[in-house]
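Hydrogens, waters and symmetry mates are skipped; everything else that's a heavy atom, side chains included, is used.
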Amino acid sequence: MGKKGKKEKKVKGAEKTAAKMEKKVSKRSKKDEEDLEALIAEFQSLDAKKTQVIETACSPPSPRLNASLTPHPEKDELILFGGEYFNGQKTFLYNELYIYNIKKNSWCKVDIPNPPPRRCAHQAIAVPQAQGQLWVFGGEFASPDGEQFYHYKDLWVLHLNTKSWEQIKSPGGPSGRSGHRMVYTKRQLIVFGGFHESARDYIYYNDVYIFNLDSFTWAKISPSGTSPSPRSGCQLTTTQDGSIVVYGGYSKQRVKKDVDKGTVHTDMFLLKMEAADKWAWSRMNPSGVKPTPRTGFSMAVGPNNRSVLFGGVYDEEEEETIEGDFFNDLYFYDQGKNRWFTAQIKGHKLDRKKRRRGDKNVDVPTAGVESPAEPIEVIKEIVAEDGTVMTIKQVISDQATTATAEENSEEEDEDKEEAAGSQVEPCPRSSSMTAIKQGVLYVYGGMFEVGDRQFTLNDLYSLDLHKMEEWKVLVEMDPSEY
């Protein structure tokens with residue numbers, strides 16, 4: 001048998017194994033899901049009592065993670081939907097809808113009849129069609145003890161002009177999952193990856209589905225080329241020509257009974273339409289300063305066709321323990337140059353001039369030259385209600401890592417000017433929600449850990465990606481929540 005025949009046989013074997021695993025997971029999780037369906041139905045009966053749209057000005061939403069934060073396609077607003085919160089004993093799931101008014105820095109809760117069931121780890125995309133729509137697919141519901149999971153495969157649309165929810169029932173879509181990713185390109189929603197988990201088994205996906213926003217139909221595609229391995233928690237971004245970049249993610253596999261080994265993916269792939277209904281995968285090899293390995297990071301497309309990556313966590317996994325290092329750094333990925341580089345907060349121009357013209361003994365490095373200055377460490381302490389002291393360390397670099405010499409154009413020299421003084425910035429975290437609207441990055445919530453305790457955030461920061469001068473605190477972290 002030739003090499004091609006062996007390769008095809010190997011691929012078919014892998015597909016059969018995946019199909020068997022999915023059948024096994026589906027069978028074992030059926031009872032769990034039936035139990036959770038009854039609980040979900042109870043919540044839906046409560047939601048059914050809503051008969052009219054009620055908009056209420058409110059304080060910032062309570063702490064949560066794995067929600068969706070989406071820029072409104074027409075207005076200066078951000079739309080927050082769903083999410084989860086764990087208080088140390090119990091898991092809470094949400095299907096609340098909040099609108100953040102950017103100009104007024106104010107929140108509004110919008111109660112709408114017949115919303116999607118409570119969920120987290122779903123995906124939401126806003127499109128300009130029909131005066132603005134928010135599309136929501138998939139996600140998961142967890143039992144209060146966090147031991148059982150129900151994975152949704154439903155598709156919903158929120159009509160933003162009429163403030164009404166509608167479930168779109170179209171056959172042939174993805175199976176139930178969470179941790180998947182969804183993007184919008186050329187009047188289509190593209191769904192990739194994710195995972196399905198029961199109390200005993202799990203499966204990760206690398207399939208691709210397309211939902212056509214004109215015909216309201218699903219189609220599963222089989223791109224040519226080498227595809228990414230199955231994974232969840234990766235990030236998808238779109239390019240100017242409608243192609244899709246896949247970066248990172250996480251998956252795990254069973255190495256022996258009751259022992260799983262996790263893999264943090266750092267590879268990149270491009271999914272490109274080559275002809276009508278014909279797509280192809282290709283592996284990407286970007287240059288520059290790449291992000292360190294991590295999961296739980298957030299990513300969005302900013303100005304000048306640059307994707308922005310924020311935060312995340314890297315877990316050191318032993319057989320019985322997991323230690324996590326949380327991040328609050330920023331990376332840019334330049335789509336045109338296929339290159340990563342670290343982002344730097346420059347400080348105000350006035351501050352930079354003062355520092356240059358000040359004490360002659362202060363060594364101010366020039367762009368592209370490594371600074372001998374040590375990073376500044378800011379330490380904050382927050383005391384929780386039960387007496388637990390959380391020490392949050394924020395390491396603030398005086399000089400961001402610069403990229404290769406070929407990038408030292410005048411524009412990028414300005415981008416790399418050193419920061420003046422310490423900067424306010426979000427504390428290290430994972431699973432935060434990010435959105436970019438009119439060139440401004442918004443970071444909301446997420447979580448970090450202190451020892452065995454998980455702390456969920458509800459603060460909100462913004463950063464002007466055109467100026468890169470400073471983080472602004474729009475909603476401060478509230479110690480009373482802990």
Side-chain angles (χ1 to χ4, degrees), residues 47 61 64-75 77-85 93-100 102 107-112 114-141 151-168 170 173-174 176-185 187-194 209-211 213 216 218 232-238 244 296-301 310 431-437 441-446 460:
D47 289 331
R64 63 194 63 199
L65 65 152
N66 293 322
S68 56
L69 184 68
T70 314
H72 193 294
E74 305 292 340
K75 301 178 181 179
E77 296 176 344
L78 304 178
I79 307 165
L80 180 71
F81 174 73
E84 64 177 316
Y85 172 66
L93 275 294
Y94 304 109
N95 63 346
E96 300 166 327
L97 184 75
Y98 290 92
I99 304 292
Y100 174 70
I102 292 173
W107 289 92
C108 175
K109 185 180 180 184
V110 185
D111 287 305
I112 300 174
N114 302 309
R118 289 159 170 77
R119 68 189 63 206
C120 67
H122 55 279
Q123 286 287 279
I125 297 290
V127 301
Q129 289 175 219
Q131 299 179 59
Q133 297 173 333
L134 179 75
W135 289 85
V136 175
F137 173 75
E140 71 183 40
F141 179 88
H151 296 267
Y152 296 104
K153 59 179 179 180
D154 51 353
L155 179 66
W156 293 76
V157 59
L158 172 63
H159 301 283
L160 296 171
N161 62 326
T162 59
K163 292 187 171 60
S164 59
W165 282 108
E166 179 186 1
Q167 184 176 0
I168 305 299
S170 176
R177 63 189 64 195
S178 59
H180 53 288
R181 293 296 179 257
M182 181 168 75
V183 291
Y184 168 69
T185 180
R187 299 179 72 85
Q188 298 176 122
L189 303 177
I190 314 288
V191 176
F192 170 78
Y209 285 83
I210 294 177
F211 184 77
L213 291 175
F216 279 25
W218 282 108
S232 72
C234 58
Q235 290 296 338
L236 265 61
T237 52
T238 54
I244 297 156
F297 57 88
S298 305
M299 206 164 170
V301 178
F310 170 78
S431 304
S432 59
M433 286 63 72
T434 59
I436 295 176
K437 181 71 176 178
L441 170 67
Y442 296 87
V443 174
Y444 172 79
L460 177 65

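- K437 places a side-chain N or O within donor-acceptor distance of the main-chain N or O of H72, the cut-off being under 3.5 Å.
- Smallest separation of non-hydrogen atoms from G445 and M433: CA-CE, 4.4 Å.
- Side-chain contact between Y100 and L69 is absent, with no heavy-atom pair separated by less than 4.5 Å.
- Side-chain contact between R64 and L80 is present, with heavy atoms from C-beta onward closer than 4.5 Å.
- At a cut-off of 3.5 Å, with distance as the only test, a side-chain donor of H159 or E166 sits close to an acceptor on the other residue.
- Taking the six-membered ring for Trp and the full ring otherwise, the centers of F211 and F216 sit less than 6.0 Å from each other.
- Ring orientation note: the planes of W107 and Y444 are tilted relative to one another, at an angle of 30° to 60°.
- One distance of note links CZ of F310 with OG of S432; it measures 5.0 Å at 0.5 Å rounding.
- Atom OH of Y85 is separated from atom CG of L93 by 14.0 Å, given to the nearest 0.5 angstrom.
- For K75, the NZ atom is loosely surrounded, since the number of other residues' heavy atoms within 6.0 Å does not exceed 12.
- The main-chain N or O of P116 is found under 3.5 Å from a side-chain atom of N95 such that the two form a donor-acceptor pair.
- Of the inter-residue distances, the one linking Y94 atom OH with N66 atom CG reads 12.5 Å to the nearest 0.5 angstrom.
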- [ ] Start with the C-alpha gap between R118 and D47, add the side-chain angles, then the distance that decides, and say whether side chain to side chain contact (heavy atoms under 4.5 Å, CB included) holds.
- [x] CA-CA 10 Å; R118 289 159 170 77; D47 289 331; 3.5 Å; yes

TODO: Show the numbers, then the answer: is there a side chain to side chain contact (heavy atoms under 4.5 Å, CB included) between L65 and E84?
DONE: CA-CA 6 Å; L65 65 152; E84 64 177 316; 4.1 Å; yes

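- Contact record, R177 with G193: NH1-O, 2.9 Å, taken as the closest heavy-atom pair.
- Under the 4.5 Å side-chain criterion, counting only non-hydrogen atoms from C-beta, I79 is in contact with L97.
- No side-chain heavy atom of L134 sits less than 4.5 Å from a side-chain heavy atom of S68.
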Task: L441/T434 under side chain to side chain contact (heavy atoms under 4.5 Å, CB included): CA gap, chis, key distance, verdict - done: CA-CA 7 Å; L441 170 67; T434 59; 4.1 Å; yes

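- Side-chain contact between L213 and Y184 is present, with heavy atoms from C-beta onward closer than 4.5 Å.
- Between T238 and I190, the closest side-chain pair of non-hydrogen atoms is not below 4.5 Å.
- We find the CD-CD distance between Q129 and Q131 to be 12.5 Å, quoted to the nearest 0.5 Å.
- Between the OH atom in Y442 and the CG atom in L460 there is a gap of 8.0 Å [rounded to 0.5 Å].
- In terms of heavy atoms, T70 sits closest to I125 at CG2-C, 4.2 Å.
- Nearest heavy-atom pair, P115 versus I112, reported as atom, atom and distance to 0.1 Å: CD-O, 3.4 Å.
- When the options W156, F137, F141, F81 are evaluated for a ring pair (Phe, Tyr, Trp, His ring centres under 6.0 Å) with H122, the one that passes is F81.
- When all heavy atoms of L160 and Q133 are compared, the closest pair comes out as CD1-N, 3.8 Å.
- Within 6.0 Å of the CD atom in Q167, the count of heavy atoms belonging to other residues, nucleotides or ligands exceeds 12.
- Using a 4.5 Å cut-off on side-chain heavy atoms (C-beta onward), R119 and D154 make contact.
- With hydrogens and angles ignored, the 3.5 Å screen pairs no side-chain donor or acceptor of E140 with any backbone N or O of A121.
- Nearest heavy-atom pair across A130 and N161 is O-OD1, 3.9 Å.
- Side-chain contact between R181 and Q123: present, with at least one pair of heavy atoms (C-beta onward) separated by less than 4.5 Å.
- Distance CD1/I210 to CZ/R187: 15.0 Å, rounded to 0.5 Å.
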